[in-house]
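Structure first, then comments.
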Amino acid sequence: MSLSKLKLDPSLNGDIISNMPPNIMETILSRLPIKEAVRTCILSKKWRYNWITLPELIFDFTLRKAMINRNDDNVEKFIDDVLSLHRGPICKFELSGNLCIQNTGYIDKWILCLSRNDIQEFILCLQPLLRDYELPSCLYSCELVTHLHLSYCTLKRPPLFSSFNFLKSLLLYKVEFVGFTYENLVSRCPVLERLKIEGLASYTDFIIYAPKLKSLVVNGFFEVTQNICLKNTPLLECVSLNLHCCGLNSKRLNRREGENSLLIKVFGCLDGVEKLSVRGNFLKLFVVDFVPTKLPNTYYRMKSLELQICFNDVLMVSMALCLIRSAPNLEELKIDAIIHTRIQPQFPEIGDGPEFSLNQLRNVKINSFGGWRRQLEFVEFLLSITPVLEKMSIYGHKDPTIAEGYDPMHGAMMLEVLMRFPRVSPEAKIEYFEAGKLVEFGK
């Protein structure tokens with residue numbers, strides 16, 4: 001269109017920025033970093049107060065970078081001003097990105113403000129220096145919150161009768177508890193569906209009672225003197241437990257008479273689980289006097305299983321086999337094979353017969369494969385019980401700490417050994433990798 005026509009057409013005259021449709025303005029503001037969104041107030045009179053109704057306020061690393069570029073380090077004041085001028089509901093509030101908040105009194109004030117503005121998604125990722133910061137009790141007044149993410153802070157006992165009646169997703173990263181436990185918190189979240197705990201290092205019991213829970217992820221350290229139990233979790237579909245347990249020997253020596261089996265406490269309510277991952281030395285926690293051939297409950301719905309196994313530890317291998325036997329409809333199996341010494345214990349009895357067949361298993365992946373005899377026996381065992389196996393991918397790992405002459409075979413020699421194992425599946429394909437590259441004969 002020519003400039004002369006633009007001048008003659010009155011419908012095309014005026015301030016294009018000011019005359020934007022409201023939905024376009026909202027879209028633009030929602031895509032801008034918070035600092036830039038606030039600065040749109042200088043564009044025109046119609047833009048002056050548009051930002052104050054933003055439903056999502058995200059203060060992350062982009063804010064810190066913008067403040068540094070403008071030689072302004074008063075992050076607390078900027079956030080405080082934004083909240084004081086804001087009007088309307090705040091659906092999402094995020095504070096993350098190492099903003100170097102010094103005065104925690106501001107955080108208390110902001111949480112109080114959010115509790116009065118129908119907050120639904122609250123993300124508070126503080127820096128490690130504030131890990132002793134105690135969240136104010138007004139946090140429990142955020143009655144409509146559906147997603148809560150907290151890190152490097154301390155939760156104290158909530159007021160009586162307070163609860164998160166709409167909370168569906170809870171993520172805790174290195175959060176400490178004062179005066180109450182995980183059980184107390186989760187019991188106040190009646191519709192909780194996703195629970196993720198990173199950096200678990202608490203000395204309190206870990207008991208989860210959550211009838212609506214569908215996904216559970218726990219990473220960290222665990223004292224065997226603590227009680228661990230999953231109760232009334234019939235909807236659990238995905239479970240990941242990456243825990244390093246301390247004091248396992250003393251636990252076996254001090255087992256209390258009549259106590260319920262740890263196997264039942266942890267795995268008894270997982271009948272509906274579809275994906276299970278167990279890492280660390282957590283498997284050894286269940287080995288007290290003996291390892292059963294299979295669990296009392298069968299995981300008919302389990303399709304994917306991931307295990308970290310130390311092949312030096314016959315008890316851990318036995319427990320892994322127990323879990324594998326208990327999932328007859330398994331379709332995908334992933335093993336992280338770890339071995340710490342050259343001592344090769346006797347491989348546990350694995351039995352034979354149709355009851356040990358995995359008739360649905362199609363894909364197997366084994367990482368950190370060192371080629372030790374017990375690992376090879378494990379591979380041979382899997383190949384003998386998987387009639388529909390399509391592919392087994394093995395990723396070799398050479399331990400640089402092992403002296404020359406003591407390490408097992410590698411390269412084409414290892415591939416040759418693997419290819420010699422009999423397979424009950426006519427379609428089974430074995431792939432062997434070293435240093436991320438596929439090993440082939442003659443190459």
Side-chain angles (χ1 to χ4, degrees), residues 17 20 22-44 46-70 72-127 130 133-153 155 164 166-173 175 194:
I17 293 179
M20 281 184 178
N23 62 317
I24 300 297
M25 290 184 179
E26 291 175 8
T27 301
I28 292 174
L29 287 170
S30 66
R31 294 177 181 273
L32 289 174
I34 187 64
K35 185 73 173 177
E36 301 304 319
V38 172
R39 293 186 68 226
T40 60
C41 66
I42 66 174
L43 293 177
S44 70
K46 288 190 176 181
W47 279 82
R48 186 172 183 181
Y49 299 109
N50 277 349
W51 71 269
I52 68 173
T53 58
L54 276 172
E56 297 186 0
L57 300 178
I58 301 176
F59 305 95
D60 57 11
F61 69 95
T62 60
L63 172 60
R64 182 65 180 170
K65 184 178 180 180
M67 301 290 278
I68 293 175
N69 291 340
R70 297 179 180 276
D72 185 359
D73 61 353
N74 200 339
V75 176
E76 292 102 325
K77 185 179 185 304
F78 175 79
I79 299 175
D80 202 54
D81 289 343
V82 169
L83 282 175
S84 63
L85 293 172
H86 191 274
R87 297 294 180 269
I90 302 175
C91 297
K92 178 179 179 179
F93 181 90
E94 177 178 340
L95 188 66
S96 62
N98 195 18
L99 294 178
C100 298
I101 305 295
Q102 302 295 327
N103 188 346
T104 57
Y106 276 111
I107 303 177
D108 291 349
K109 181 181 177 182
W110 301 336
I111 295 177
L112 178 60
C113 175
L114 296 174
S115 68
R116 298 170 177 173
N117 282 276
D118 300 333
I119 185 69
Q120 296 177 27
E121 184 173 352
F122 183 30
I123 301 174
L124 182 65
C125 297
L126 302 176
Q127 58 267 32
L130 296 180
Y133 166 65
E134 286 193 2
L135 290 164
S137 58
C138 59
L139 172 69
Y140 299 100
S141 298
C142 300
E143 298 178 350
L144 299 181
V145 67
T146 59
H147 177 92
L148 183 61
H149 179 177
L150 304 173
S151 69
Y152 288 116
C153 56
L155 277 170
F164 295 117
F166 298 95
L167 186 64
K168 291 187 176 183
S169 177
L170 176 62
L171 195 160
L172 305 175
Y173 182 79
V175 174
R194 295 175 296 276

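A quick note: this is a predicted structure, and the numbers were derived from the prediction, not measured. In this chain, numbering begins with 1 at the start of the sequence shown. Keep in mind that the numbers below use all heavy atoms, side chains included, and drop hydrogens, waters and symmetry copies.
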### Message
Can you tell me how far apart CD1 (I79) and NZ (K109) are? Round to the nearest 0.5 Å.
### Response
12.0 Å

### Query
How long is the gap from CG on D80 to SG on C113, to the nearest 0.5 Å?
9.0 Å

### Message
Taking I101's backbone N and O only, do any of them form a donor-acceptor pair with Q127's side chain (distance below 3.5 Å, no angle check)?
### Response
yes

Extract all donor-acceptor atom pairs below 3.5 Å that involve side chains of residues 142-152 and protein atoms in other chains or at least two apart in sequence.
from: T146; atom 1: OG1; to: Q120; atom 2: O; distance (Å): 3.1
from: H147; atom 1: ND1; to: S169; atom 2: OG; distance (Å): 3.2
from: S151; atom 1: OG; to: L126; atom 2: N; distance (Å): 3.3

### Query
What heavy-atom pair brings E76 and Q102 nearest, and what distance separates the two atoms?
OE2-N, 2.8 Å

### Query
In terms of ring plane angle, is the pair F78 and F59 parallel, tilted or perpendicular, where the classes change at 30° and 60°?
perpendicular

### Message
How long is the straight-line distance from SG of C125 back to CD of E94, given to the nearest 0.5 Å?
### Response
6.5 Å

### Query
Should L57 and L83 count as side-chain neighbours, where that means a heavy-atom distance under 4.5 Å?
yes

### Task
Write down the atom of C138, the atom of I111, and the distance for their closest heavy-atom approach.
SG-CG2, 3.8 Å

#### Entry: Spatial distance of atom CD1 (I107) from atom SG (C153) [nearest 0.5 Å]
9.0 Å

### Task
Would you please test I123 and K92 for side-chain contact (heavy atoms from CB on, under 4.5 Å) and show each step?
CA-CA 8 Å; I123 301 174; K92 178 179 179 179; 4.1 Å; yes

### Message
Evaluate D108 against Y133 for side-chain contact (heavy atoms from CB on, under 4.5 Å), listing each step before the verdict.
### Response
CA-CA 10 Å; D108 291 349; Y133 166 65; 2.5 Å; yes

### Distance in Å, L124 CG paired with Y173 OH, rounded so as to fall on 0.5 Å steps
14.5 Å

### Query
So, do F122 and L139 sit near enough that their side-chain heavy atoms are less than 4.5 Å apart?
yes

### Query
Do L155 and Y140 have side-chain heavy atoms sitting under 4.5 Å apart?
yes

### Message
Quick check for you: to the nearest 0.5 Å, what is the distance between L95 atom CG and I58 atom CD1?
### Response
11.5 Å

#### Entry: ring pair (Phe, Tyr, Trp, His ring centres under 6.0 Å) involving Y106 - partner list, sequence neighbours excluded
W110

